[in-house]
Each structure stands twice: as C-alpha cells, then as structure tokens.
Asker: 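Following this message is one structure expressed as structure tokens.
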Amino acid sequence: MIYAYTRSQALEDGVLVDVSEMASEAGFRYPTAITADLHARITPNEREKAFGQSYEGRLWDVIFLASFAARRSDTQDRCSFEVGLFEADEAFPHRTHRYTLSLWMVVGPGDQGEPVITIGFPEDF
C-alpha cells in the first residue's frame, strides 16, 4: 500500500506551501501551492539577501513565469517552464552563480475534486 497525502494534509505538514494569494495576483483562479523543495530552493540565504534578493521576489518570478507557461499550454493539465535564479555562496570565497530551474506546473484535483495548481521540480511529482 502506498501512502499518499491529501492536499490539505500536504499543506498542513509543509510538504506543500500555499501561495494562492500571490498566484491570484498573477491571474490564477485556483488554489495554488509550491512544493517544499521549491520553497527551500528559492528562500535566499543571508548573502543573497545582502545582494537584494528576497523570497517574495523569487516567488513572484516563479508564479509569473508559470502564468505565461499556463497561457502557452492552452488546455493541458501539465506544463514546464524555466526560471533564472541568482545564488551566492555564504562561505568563502563567496562565489555567485546563475542557475536555471526547470519547473512543472500541474493542474489536478484537490481533496474534493476541485481544480488546484501545484508548482515544483519535475522529480517532486
């Protein structure tokens, strides 16, 4: 038997992070969450904050680009998109890196069968 979270359990346990408020600002009509792995990856460290990076800014980039991918995918229940991420090492020698995150946005049924959106890394699905 494979254990599976309900969406509400996943949100309660922190497996998913609710981002519905910001997603509605970007035009999403359904409850939206990101995976815990994506949440951790876009949370800036102290060095990145010193460079002006913020969680809200990074999250907006993810959601905004997801909204473009959704429009481009038309009626598909899954689409892929990429987000550029600036990262800085906290430890010496303090290198900076630019990464491209490959992400998925999936529209699926919620606990009651209602449409919900989840954004994360392909391996999270």
Asker: Between L103 and V83, is there a side-chain heavy-atom distance shorter than 4.5 Å?
Answerer: yes
Asker: With a 4.0 Å cut-off on N to O distance, would you call E48 and R58 a salt bridge?
Answerer: yes
Asker: Does D111 reach the main-chain N or O of T6 with its side chain, forming a donor-acceptor pair under 3.5 Å?
Answerer: no
Asker: Please identify which of these residues, I34, T35, T32, meets the side chain to side chain contact (heavy atoms under 4.5 Å, CB included) condition with V17.
Answerer: I34
Asker: Below 4.5 Å, heavy atoms only, C-beta onward: do D89 and H94 meet side chain to side chain?
Answerer: no
Asker: List for me each residue that meets ring pair (Phe, Tyr, Trp, His ring centres under 6.0 Å) alongside Y30, sequence neighbours excluded, and say none if there are none.
Answerer: none
Asker: Given side chain to side chain contact (heavy atoms under 4.5 Å, CB included), test E82 with L65 step by step and report yes or no.
Answerer: CA-CA 8 Å; E82 294 182 340; L65 291 171; over 6 Å; no
Asker: Do I63 and W104 share a hydrophobic cluster (ILVMFWY, side-chain heavy atoms under 4.5 Å, transitive)?
Answerer: no
Asker: Verify the cluster assignment for L38 and V106: are they in a single hydrophobic cluster under the rule of side-chain heavy atoms below 4.5 Å apart?
Answerer: no
Asker: Tell me whether Q112 at atom CD has more than 12 heavy atoms from other residues, nucleotides or ligands lying less than 6.0 Å away.
Answerer: no
Asker: To check you understand the geometry: which heavy-atom pair defines the closest contact between S67 and A26, and what is its length?
Answerer: CB-O, 3.8 Å
Asker: Could you tell me which non-hydrogen atom of L101 sits nearest to which non-hydrogen atom of F121, and how far apart they are?
Answerer: CD2-CE2, 4.2 Å
Asker: Working note: Y55 + H39, criterion side chain to side chain contact (heavy atoms under 4.5 Å, CB included); need CA distance, chi angles, decisive distance, verdict.
Answerer: CA-CA 9 Å; Y55 175 77; H39 170 75; 2.8 Å; yes
Asker: Among residues at least two apart in sequence or on other chains, which ones pass side-chain contact (heavy atoms from CB on, under 4.5 Å) with D18?
Answerer: L11, S20
Asker: Indicate, with yes or no, if V19 and V116 share a hydrophobic cluster defined by side-chain heavy-atom contacts under 4.5 Å among Ile, Leu, Val, Met, Phe, Trp and Tyr.
Answerer: no
Asker: Consider only side-chain heavy atoms of I, L, V, M, F, W and Y, link residues closer than 4.5 Å, and tell whether F68 and V62 are in one cluster.
Answerer: yes
Asker: For N45 and A88, indicate whether the former's side chain and the latter's backbone hold a donor-acceptor pair under 3.5 Å.
Answerer: yes
Asker: Identify the heavy atoms of A66 and F81 that sit nearest to each other, and give their distance.
Answerer: CB-CZ, 3.5 Å
Asker: To the closest 0.5 Å, what do you measure between CD1 (I117) and CG (D77)?
Answerer: 11.5 Å
Asker: Give me the atom names and distance for the closest heavy-atom approach of G14 to A36.
Answerer: O-CB, 3.2 Å
Asker: Can you tell me how far CH2 of W60 sits from OG of S54, rounded to the nearest 0.5 angstrom?
Answerer: 12.5 Å
Asker: Quick check: do R47 and T96 have side-chain heavy atoms less than 4.5 Å from each other?
Answerer: no
Asker: At what distance, to the nearest 0.5 angstrom, does CG of D61 lie from CD of E56?
Answerer: 12.0 Å
Asker: Drop me the distance from E12's CD to R7's CZ, to the nearest 0.5 angstrom.
Answerer: 14.0 Å
Asker: Whether R41 and E87 form a salt bridge (side-chain N of Lys/Arg under 4.0 Å from carboxylate O of Asp/Glu) is what I want to check.
Answerer: yes
Asker: Out of M105, R72, R71, which residue meets the side chain to side chain contact (heavy atoms under 4.5 Å, CB included) rule with C79?
Answerer: M105
Asker: Excluding sequence neighbours, so at least two apart, what forms ring pair (Phe, Tyr, Trp, His ring centres under 6.0 Å) with F51?
Answerer: F86
Asker: For E123, look at atom CD and say whether over 12 heavy atoms of other residues, nucleotides or ligands are found less than 6.0 Å away.
Answerer: yes
